[in-house]
Trainee: 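Below is the structure I would like to discuss, written out as structure tokens.
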Amino acid sequence: MSIIPNWLHRLSSPKNFYRFAGIASNWCGWIALVLIIAGLYYGLVDSPPDYQQGDSARIMYVHVPAAWMSMFVYVVMASSAAVGMIWRIKASSAFANASAPVGAMFTALALLTGMLWGKPMWGTYWVWDARLTSELILLFLYLGYMALNSAIEDRETAARATAILALVGVVNIPIIHYSVEWWNTLHQGATVTKLDKPSIHISMLIPLLLMAFAFKFYYLSNVFRRARCELLEREQGKLWVRELVGGERGE
Amino acid sequence: MSEAKLGVAFFTLLRRDLMLAYRHRAQMMNPLLFFVIVVSLFPLGLDPEPELLHTIAPGVIWVAALLAAMLSLDTMFRSDFEDGSLEQLLLTPHPLPLLVLAKILAHWLVSGLPLLLLAPLLGMLLNLGSEGLFPLLATLLLGTPILSLIGSIGVALTVGLRGGGVLLSLLILPLFIPVLIFAAAAVGNAEAGIDITGQLAFLGSLLAAAFALAPLATAAALRISLN
């Protein structure tokens with residue numbers, strides 16, 4: 001008896017995954033679009049402005065989901081890279097590699113929106129606050145993963161090497177996070193970041209959650225599409241790819 | 001494999017690496033010279049005011065130690081990879097993580113330990129007080145083995161690659177951040193008369209974790225890099 005169910009086993013073959021990812025990418029893309037429109041409407045138009053920060057608090061509807069995604073994607077990337085390395089599942093490695101640029105983009109987006117918000121609110125684009133710093137380090141980890149991935153030519157070797165790097169990163173992320181937090185509390189007293197925020201009101205929570213789910217579906221849609229490209233590239237000599245390409249050319 | 005034979009293999013490898021380093025003394029000195037030069041650049045670039053130097057001394061010495069470790073790490077597996085002895089190492093019946101540990105230990109003895117000898121001198125250059133000297137040595141003693149251990153994972157991943165050196169620093173430097181934070185904070189706090197056992201305990205536990213996990217990751221990475 002295998003611990004992997006049969007349907008999952010069938011899905012993990014590159015050919016079946018390619019087909020599944022195509023369908024899933026489209027569905028996730030449409031769901032993300034609907035959620036983004038709804039979330040932006042409720043966030044930008046229908047929700048009340050913050051009583052302290054006014055309209056500039058609305059950047060939260062992009063900033064907070066992006067920051068959540070930046071950590072979520074790293075964990076997903078590391079787990080699927082590990083699955084790909086342990087069971088030698090190509091689709092899983094492709095999914096991990098496809099996740100890296102998307103995760104890096106979410107991290108950069110979280111940093112960028114945070115800076116744009118910080119200028120009018122804190123009076124500066126950047127402070128060496130614990131959260132900002134660990135987010136910046138997370139971006140470095142993503143960039144290192146992508147650099148290693150592109151430096152190794154053989155795709156199989158690259159997949160396994162990056163999996164090890166991602167796992168080392170996962171072990172280190174909590175350590176880095178807490179050390180940065182401690183460093184910050186050691187060096188600074190109460191900073192501007194310690195705004196005593198009231199617990200969030202339901203009219204703000206709904207658009208925030210809508211945007212969070214929208215970002216998740218956008219991520220899935222984007223990653224499935226990237227993973228398809230990666231699988232085609234990796235399997236270019238295989239029969240199913242040749243049949244696929246030949247079929248589309250009408251040969 | 002009997003216990004004794006594994007011990008023999010471990011110490012043979014350790015002795016061989018130390019011997020190789022001793023025969024290339026000039027090469028071994030270069031990262032240390034780099035360490036001294038980087039530290040002495042800071043007073044030139046900043047203000048040579050004793051107060052300022054006193055404040056930045058722990059951070060500057062530690063950042064320079066990180067960079068010097070990066071430079072010396074690059075050679076950890078390189079020559080073995082080029083002449084094929086790394087492959088022979090993989091083929092021995094002994095557990096690879098332990099053999100890797102011997103190489104890491106040799107690397108630390110050659111590149112980490114001398115930093116401890118140079119550090120008091122650099123502390124004087126940067127006007128570090130006498131209260132900060134012992135903590136500086138203690139953090140270097142606990143911290144530099146962590147650099148060798150974590151660094152070995154990065155070296156193993158990049159050993160066969162062109163331009164591996166720059167890539168190595170990209171992969172490894174973010175992972176060194178906790179060591180830098182705790183070590184520099186410990187020295188700074190000792191200067192200010194604050195208790196530093198917390199930071200030292202943290203560095204010690206980081207060392208224990210790295211000692212247990214890093215050789216396994218390095219061994220796995222070496223097997224991947226050499227296919």
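The sequence lines fix the lettering, A, B, ..., with proteins before strands; numbering per chain opens at 1. If you're wondering where the values come from, they're calculated on a predicted model, not measured in any experiment.
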Trainee: As an exercise, state the distance from CZ of A:F140 to CD1 of B:I177, rounded to the nearest 0.5 Å.
Mentor: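 Rounded to the nearest 0.5 Å, the CZ-CD1 separation comes out at 7.0 Å.
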Trainee: Which value, rounded to the nearest 0.5 Å, describes the distance between A:I175 atom CD1 and B:F202 atom CZ?
Mentor: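 Rounded to the nearest 0.5 Å, the CD1-CZ separation comes out at 8.0 Å.
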Trainee: Can you see which heavy atom on A:I164 is nearest to which on B:A220, and at what distance?
Mentor: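 Nearest pair, atom of A:I164 first, then B:A220: CD1-CB, 3.5 Å.
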Trainee: Yes or no on side chain to side chain contact (heavy atoms under 4.5 Å, CB included) for B:L161 and A:L148, after CA distance, side-chain angles and deciding distance?
Mentor: CA-CA 10 Å; B:L161 301 177; A:L148 182 64; 4.1 Å; yes
Trainee: Measure distances from A:E156 to the heavy atoms of chain B and classify the residue's part below 4.5 Å as side chain, backbone, both or neither.
Mentor: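 No part of it gets close to chain B.
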Trainee: Atom CG of A:L165 and atom CD1 of B:I153: how far apart are they, to the nearest 0.5 Å?
Mentor: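 It comes to 9.0 Å.
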Trainee: Between B:L167 and chain A, which part of the residue has a heavy atom less than 4.5 Å away: side chain, backbone, both or neither?
Mentor: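 For B:L167, the side chain is the part near chain A, not the backbone.
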Trainee: If you count the non-hydrogen atoms of other residues, nucleotides and ligands that lie under 6.0 Å from OH in A:Y219, is the total more than 12?
Mentor: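 Enclosed.
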Trainee: Minimum heavy-atom separation for B:P174 to A:L141, with atom names?
Mentor: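 Heavy-atom minimum between the residues: CB-CD2, 3.9 Å.
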Trainee: Measure B:L175 against the heavy atoms of chain A and call it side chain, backbone, both or neither at under 4.5 Å.
Mentor: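 Both parts, backbone and side chain.
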Trainee: Out of curiosity, B:L170 CG to A:M146 CE, how far, rounded to the nearest 0.5 Å?
Mentor: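 Output value for this atom pair is 10.5 Å.
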Trainee: Quick check: closest heavy atoms across B:A217 and A:V168, and the distance to 0.1 Å?
Mentor: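 Shortest heavy-atom contact: CB-CG2, 4.4 Å.
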Trainee: Relative to chain A, which segment of B:I181 carries a heavy atom at a distance below 4.5 Å: side chain, backbone, both, or neither?
Mentor: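 Contact with chain A is through the side chain of B:I181 alone.
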Trainee: Counting heavy-atom pairs under 4.5 Å with chain B, which one of A:V171, A:I152, A:T162 comes out on top?
Mentor: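 Of the options given, most contacts go to A:I152.
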Trainee: Is it the case that atom CZ in A:F213 sees more than 12 heavy atoms from other parts of the structure closer than 6.0 Å?
Mentor: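 No, CZ of A:F213 has 12 or fewer neighbouring heavy atoms, counting only those of other groups under 6.0 Å.
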Trainee: Among A:L143, A:I137, A:L138, who wins on heavy-atom pairs under 4.5 Å with chain B?
Mentor: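 So the answer, after comparing A:L143, A:I137, A:L138, is A:I137.
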Trainee: Is it the backbone or the side chain of B:L173 that comes under 4.5 Å from a heavy atom of chain A, or both, or neither?
Mentor: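 For B:L173, no heavy atom lies under 4.5 Å from chain A.
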